[in-house]
Amino acid sequence: MAKGEKTNLMERIVSLCKRRGFIFQSSEIYGGIGGFWDYGPLGVELKRNIKDAWWYDMITSHDDTTAPPGAPRPYAMVGLDTAIIMHPQVWKCSGHYDLFHDMMVDCRTCKARFRADHLETEQCPLKPSKRPGEHDKCDLTEPREFNLMFKTYVGALFDPSSEAYLRPETAQGIFVNFKNVLDTTRVKLPFGVGQIGKSFRNEITPRYFTFRSREFEQMEIEFFCHPNESRAWYEYWRNRRLQWYVSLGLRSDRLRLREHGPEELSHYSCGTADIEYAFPFLPEGDFGELEGVAHRGDFDLRSHMEGKLIRVGDHFELDRLPDGRPKYPGSGKDLTYFDDETRERFVPHVIEPSAGADRATLAFICEAYTEDEVPDEKGVPQKRVVMKFHPRLAPIKVAVFPLVKKDRMPEIARDLYRALKKRWVCFYDEKGAIGRRYRRQDEVGTPFCVTIDGQTLQDQTVTIRDRDTCQQVRVRIDDVEAEIARRLEAR
RNA sequence: GCGGGCGUAGCUCAAUGGUAGAGCACCGGCCUUCCAAGCCGGGAAUGCGGGUUCGAUUCCCGUCGCCCGCUCCA
C-alpha cells in the first residue's frame, strides 16, 4: 500500500489473515518468495475444512445408485491421489511441454518477446518490414529458456535424460490411471474420479494475494462418459459445482458462470465455463476464476493412447513430424471403454470440473469478512470485525469461557471444553473481559461461544452465544453438545 | 519480464544524518457476573546486502517482497 493511502477492504482482509494466523507469506523471515504462501494455524483448519467438504460432497457421500437432481443418470465417484512428478512423456503428450517450454528472445528496446524459432517469420514492432533484430535499434537478448513448468531432475545426476517436471495440473494423474481404475474398481461409465493435490506453475506475475500462486492446490474431477451424453453432463457439472459454492455461503450475486468464447478455449477444450467470484481486489464489476468446468472431449485419453494431438477444425489429429512419425508418441495402451450391454467400444469423453482450493479459501475468507456494529456495555455501537464463515468451514466450531475466573467456573468450563473437543475443534479462554473474548472469536469466525456463569452453579445451565446475531440462549450443560450439533447441521 | 509506487513493533501509523515514538493488539498482576472497561507492569520494529559518512532507519546502488499499470494466465 502506498504510504498515507486509505486502507481498502482487501488490505484489511490481508491484514486480518496475517494477524490471526490464516495466511503468511512463505519464507517471510528471509524476505519472502513471490508466489508462495503458507497457511497458519487457523488457515490450515479452514482450508482443510474446504477440501474435506469438497471430498465429502463430491465423492464420499455420493450415492452411486441414484441420479442427483439435474443429472442425466446415476453415476459412480471414486478418488485418487497421484504423484506430483510423472513420466516426462506425460507432459509431451498432454501438450503442456510444447505450449510452455519455449526458447524466447526479448527485445530490450521495444520490450517485445519472440519465440526463438519464429524470428524468421516475425515482424519487428518498430519497423514491420523488418524481422526482429534487423532494425538498427533492435537489441535482442540471447535465446532464453522460458518455462512455465517447474523443472527438476530425477536421480542425483543432472543430465538432460533425467529432467522431469512438477505437475502443472493434477488432471494427468487421473488420465494415466484411467485403465487402473477401470480394472480395479468395477466402475462402469459414467463415472468420475476426484483428486485433491498440489500443482505448480511458474507464473509470470503472481498477484492478488494467494489468487495467482506458483504453488497451489487443486480439487479436480475427471468425469468419463459416453460421447453422446457429454453435453448433458457438461451442463450438469457446471450447475452442480456452482451450487456447491452457494451451499457453503458464497452469495450468488457475487458468483457467476461464464461460458468461454471460441477464441478463449484451451488447446484441449471443446467448451469451458468458468465459475467466477467478484473478489474485492478486482475492479468493481470484474470477476476472478474459482473453477473451470471444461468439456475436454476425447482429447486426453486419445493423447495418452496415440500421442500428442493438435486441433484440426473441429476435431483432433496426431501431431506428426515432417517424416510422418508422431511428434510425441503416446503409451500405445488401449484406453478405450467397452460397454458390455451395448457391445459398443469407444473413447470416453471427459468433463473436468477443476477447482482451486486456495482460490476457494480466499473467496470464502473474502465473503466471510464483515464489519458491523454491536452495542457495548453502555449501549454505544462499537465497530466489530466478524468472519461469517459457514459453520462447516469455520476453523473453530465452539469456544468455551468461564464468565469470570473464580467460583469453580473455570473448572466447569474446562470439563465442558474437554467433552466438546472430542467432537469439534474447540477453544478455551479465561483471560480478560468476556466481551473481549467474544470479539476475538468473532474475528476468527467461531460460530458459537458457550459461557459458564453464576447461574450455572445454581441450575446447571449455560449460555450459547451466536456469532452472527450475538443472541444468547440458555440450555442445560448436558444438552450443549446436542444443541451445538443441531445448530452446526441446521445451516 | 517491463514501468511506476511502497517497505519502521503482531496490526495501523509517526519521527530523525546522532537515544526510533504512539494507538490498537499481545503477555503478567489487580479488579471484573455477559459483548474490545479500568489501573499497574512487561516484551516487541527500521526487509536483506553493499556504498558514502566519525556516525545511515534516513542519502546512493543492488536485491528481495508487496501494491498499481502493461505482459502472461494451459
Spacing of the C1' atoms in B:U12 and B:C26 (rounded, Å): 15 Å

Just the rounded figure in Å: distance from P of B:G49 to CD1 of A:Ile29. 13 Å

How many Å lie between CD1 on A:Ile33 and P on B:C66, as a whole number? 10 Å

What's the NZ-P distance between A:Lys18 and B:C66, to the nearest Å? 13 Å

What does A:Phe24 touch in the nucleic acid at a heavy-atom separation under 4.0 angstrom: a base, only the sugar-phosphate, or nothing? nothing

Mind calculating the distance between CG (A:Leu148) and C1' (B:G1) to the nearest angstrom? 12 Å

By nearest-nucleotide position on RNA chain B, the 5'-leaning member of A:Asp442 and A:Phe281 is A:Asp442

Measuring from atom OG of A:Ser199 to atom CD of A:Glu169, what distance do you get when rounded to the nearest 0.5 angstrom? 7.0 Å

To the nearest angstrom, the CZ-P distance between A:Arg207 and B:C66 comes to 10 Å

Listed partners of A:Arg408 passing salt bridge (Lys or Arg N to Asp or Glu O under 4.0 Å), at least two apart: none

What residues form a side-chain contact (heavy atoms from CB on, under 4.5 Å) with A:Val347, not counting sequence neighbours? A:Asp298, A:Leu301, A:Arg302, A:Met305, A:Thr336

Expressed in angstrom and rounded to an integer, what is the separation of A:Asp429 atom CG from B:C35 atom C1'? 14 Å

Which residue pairs pass the salt bridge (charged side-chain N to carboxylate O under 4.0 Å, His left out) test when at least one of the two sits in residues 28-45 of chain A, sequence neighbours left out? A:Lys18-A:Glu28

Set of residues satisfying salt bridge (Lys or Arg N to Asp or Glu O under 4.0 Å) with respect to A:Asp407, sequence neighbours excluded: none

What distance, rounded to whole Å, do you find between the two C1' atoms, one in B:A9 and one in B:G47? 14 Å

Measure from the side-chain heavy atoms of A:Ser15 and tell me the nearest of B:C66, B:C72, B:C11. B:C11

Roughly how far apart, to the nearest Å, are B:C24 and B:A20 at atom P? 23 Å

Could you tell me if A:Arg465 sits above the aromatic ring of A:Tyr438, with its cationic atom closer than 6.0 Å to the ring centre and no more than 45 degrees from the axis? yes

Looking at A:Asp453 and A:Arg474, is there a salt bridge between them, counting it only when a charged N and a carboxylate O are closer than 4.0 Å? yes

Can you tell me how far C1' in B:C61 sits from the matching atom in B:U52, rounded to whole Å? 11 Å

Contact list for residues 198-220 of chain A, test ring pair (Phe, Tyr, Trp, His ring centres under 6.0 Å), sequence neighbours left out: A:Trp37-A:Phe209, A:Tyr208-A:Phe281, A:Phe211-A:Phe279, A:Phe211-A:Phe281

Of A:Glu28 and A:Arg384, whose nearest nucleotide on RNA chain B comes first from the 5' end? A:Arg384

B:G69 OP1/OP2 closer than 4.0 Å to side-chain N/O of A:Tyr208: yes

Separation of atom CZ in A:Phe216 from atom C1' in B:C73, rounded to whole Å: 10 Å

What's the gap between B:U57 and B:G7 when it is taken at their P atoms, as a whole Å value? 16 Å

Just jot down the salt bridge (Lys or Arg N to Asp or Glu O under 4.0 Å) partners of A:Arg20, sequence neighbours excluded, or say none. A:Glu443

When the distance from CZ of A:Phe36 to P of B:C64 is rounded to whole Å, what number comes out? 14 Å

Could you go over nucleotides 25-34 of chain B and give all protein N or O partners under 3.5 Å, atom names and distances?
from	atom 1	to	atom 2	distance (Å)
B:A25	OP1	A:Arg436	NH1	3.1
B:C26	OP1	A:Arg440	NH1	2.3
B:C26	OP2	A:Arg436	NH1	3.0
B:G28	OP1	A:Lys431	NZ	3.0
B:U33	O2	A:Gly454	N	3.4
B:U33	O4	A:Asp407	OD2	2.8
B:C34	O2	A:Tyr438	OH	2.7
B:C34	O2	A:Gln472	OE1	3.4
B:C34	O2	A:Gln472	NE2	2.8
B:C34	N3	A:Tyr438	OH	3.3
B:C34	N3	A:Gln472	NE2	2.9
B:C34	N4	A:Asp453	OD2	2.8
B:C34	N4	A:Thr463	OG1	3.2

Quote, to the nearest angstrom, the C1' distance that separates B:A22 from B:U8. 13 Å

When the P atoms of B:A37 and B:G50 are considered, how many whole Å apart are they? 46 Å

Non-neighbouring partners of A:Glu481 that pass salt bridge (Lys or Arg N to Asp or Glu O under 4.0 Å), sequence neighbours left out: A:Arg423

Using the P atoms only, state how far B:C11 lies from B:U46, rounded to an integer number of Å. 13 Å

Output the pairing pattern of RNA chain B as a dot-bracket string, 5' first, Watson-Crick or G-U wobble with both distances under 3.5 Å, | for cross-strand pairs, [ ] for crossing pairs. (((((((..((((....[..)))).(((((.......)))))....(((((..]....))))))))))))....

